[in-house]
Amino acid sequence: MEVILGKTSGFCGGVIRSVLETEKVLDKYGDTYCLGELVHNKQVVDKLEKKGLVVVDTLDNIPSQSRVIIRAHGVTKEVYEQAKEKNLNLVDLTCLKVIKIHEMAEKLVDDGYFIVLAGQKSHPEAIGTISFCGENSAIIENLDEIDFIIDSIKNSGLKKVAIIAQTTYSMDKYDQIVEVLSKKNGDSYEFEIQKTICNATEMRQNECKEIASKVDAMIIIGGKHSSNTLKLYDIASSLCNNSYIVETADDLIEDYSIFDKVGVMAGASTPKSSIEEVLKKLES
Ligand code: SF4
């Protein structure tokens, strides 16, 4: 059996930075709060919790002046305000690419745009970003919501529409949204297309397509709540009937030896150790 591992598998720059900086903070100060799981990967979070990371869902019950880590996904404007009110000591590890999108959104609001954010409504990054998009904005997750988006744009009375994206959104779905929106409304509005999907995501999705189209089976490694991992799985299963998603080597339950060629890709929050364990198990 030949195993092909995608070169772009594993931690992206933003995740590497947040994990390394968090480790430094824990080594220096000990127990530290983190608003939400630092990354969508249980193994990584478990390891950091053992070092003193305390994951919380809200800032509500955190004593004032506590140290709180903001993860790579970023947070809403309101969270920054609440942290200021409570006099919290924020360690802001929001990915610099996400911060750029927040700044871009604020500028688009000032310039009179209605902002359409292509993203997953329940994802923390999208929830954070939309809070910087002002009241004339909407998140679109799937194409079947396009009529609702068009109505929202009409109701706003604005004539300029910007289309931005969550950094881990599907490249293909973004292009479809732009095409349909501009085709249906090309004459009525001025469009500003800002494909803010991260290049790490783009490269990973392209490589996943390339590998999935030439193997007999495809294994995607990553957390079950990781948006970019689930996108990789969607891409793989659209091109390869035998696609599997696993969090760790323990989840490898099929008999992969029946396949000649097996492709392996991992999401942006999957640690090297999980990838190595999967490869080792496949080889054995
Ligand atoms: S996927 Fe890109 S934008 Fe998101 S955390 Fe990683 S480097 Fe940053």
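Numbering of ligands and ligand atoms starts at 1, following listing order.
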* Asked: With distance as the sole criterion, is a donor-acceptor pair present between the side chains of E125 and T167 under 3.5 Å?
  -> yes
* List for me each residue that meets salt bridge (charged side-chain N to carboxylate O under 4.0 Å, His left out) alongside K195, sequence neighbours excluded, and say none if there are none. => D175
* **T8: which of R204, E207, Q205, E202 passes side chain to side chain donor-acceptor pair (under 3.5 Å)** => E207
* To do: Please collect all ring pair (Phe, Tyr, Trp, His ring centres under 6.0 Å) contacts where either partner lies in residues 199-249, sequence neighbours excluded, each pair once.
  => Y244-Y256
* **Neighbouring protein N, O or S atoms of atom 2 (Fe) of ligand 1 [cut-off: under 2.8 Å, no waters]** => C198 SG
* Asked: With sequence neighbours excluded, what pairs up with F132 under the ring-ring contact (aromatic ring centres under 6.0 Å, His included) test?
  -> H102
* Asked: Are a donor atom and an acceptor atom from the side chains of S227 and K231 found within less than 3.5 Å of each other?
  -> yes
